[in-house]
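Quantities reported herein were computed from a predicted structural model and do not represent experimental measurements. All values below come from the heavy atoms of this structure, side chains included, with hydrogens, waters and symmetry mates left out.
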Amino acid sequence: MQFFALLTRNTAKFSDADFAPLLPGEAEQRRTLYAEGAVRQVWNRGDIPGSGMMFEATDDAEVRGHLGTLPLVKAGMMDVAAIVLLNPYPGFGPKR
């Protein structure tokens with residue numbers, strides 16, 4: 001199943017200088033999750049600091065487990081705003 005996770009940086013408590021040392025490890029862990037097939041795509045948010053991540057997982061708990069491996073999430077610097085199960089859009093199916 002596919003899930004979309006919406007993440008926000010906790011900029012109320014942390015400055016850009018606080019985030020900077022963790023960003024290389026964050027990028028590396030996201031690449032690892034991608035290489036393992038857990039993450040399909042990653043986007044930077046255009047509205048506020050944060051990201052969106054498309055996951056391939058069996059359930060919400062598995063997605064949360066993957067997110068828990070991210071350095072920014074571990075440090076409490078990135079909040080999980082939402083995890084949404086995505087269902088196939090039926091409008092592209094066969095015509096009846």
*Check the pair Arg64, Ile83 against side chain to side chain contact (heavy atoms under 4.5 Å, CB included), reporting the backbone distance first and the verdict last.*
CA-CA 8 Å; Arg64 288 188 186 281; Ile83 296 175; 3.5 Å; yes

*Kindly indicate, with the supporting measurements, whether the criterion side chain to side chain contact (heavy atoms under 4.5 Å, CB included) is fulfilled by Leu72 and Leu23.*
CA-CA 8 Å; Leu72 292 177; Leu23 294 179; 4.0 Å; yes

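Taking CD from Glu36 and CZ from Arg31, the interatomic distance works out to 13.0 Å, rounded to the nearest 0.5 Å. Between the CG atom in Leu22 and the CG atom in Leu70 there is a gap of 11.0 Å [rounded to 0.5 Å]. Atom CG of Asp16 is separated from atom CG of Asp18 by 8.5 Å, given to the nearest 0.5 angstrom. Summarising the geometry, atom OG1 belonging to Thr11 is positioned 9.5 Å from atom CG belonging to Asp79; distances are rounded to the nearest 0.5 Å. Between atom CD of residue Glu56 and atom CG of residue Leu33 there is a gap of 13.5 Å, rounded to the nearest 0.5 Å. In this structure, Phe55 CZ and Leu85 CG are separated by 14.0 Å, a value rounded to the nearest 0.5 Å.
Considering all non-hydrogen atoms of both residues, Tyr34 and Arg40 come closest at CE1-O, 3.3 Å. Taking all atoms of both residues into account, the shortest heavy-atom contact from Gln29 to Pro71 is CB-CD, 4.1 Å. Among all heavy-atom pairs drawn from Ala38 and His66, the shortest one is CB-NE2, 3.5 Å. Residues Leu67 and Ala5 come closest through the heavy atom pair CD1-CB, 4.1 Å.
Formation of a donor-acceptor pair under 3.5 Å by the Gln2 side chain with backbone atoms of Leu86 is not found in this model.
Residues Met53 and Arg30 meet the side-chain proximity criterion, which asks for heavy atoms closer than 4.5 Å.
Hydrophobic cluster membership differs between Trp43 and Val80, with clusters built from Ile, Leu, Val, Met, Phe, Trp and Tyr side chains linked at under 4.5 angstrom. Hydrophobic clustering, with ILVMFWY side chains joined whenever heavy atoms are under 4.5 angstrom apart, keeps Phe4 apart from Val42. Hydrophobic clustering, with ILVMFWY side chains joined whenever heavy atoms are under 4.5 angstrom apart, keeps Met54 apart from Met1. Two different hydrophobic clusters hold Leu6 and Met77 under the rule that ILVMFWY side chains link at heavy-atom gaps under 4.5 Å.
The side chain to side chain contact (heavy atoms under 4.5 Å, CB included) test with Met78 is passed by exactly one of Val73, Asn10, Thr8: Val73.
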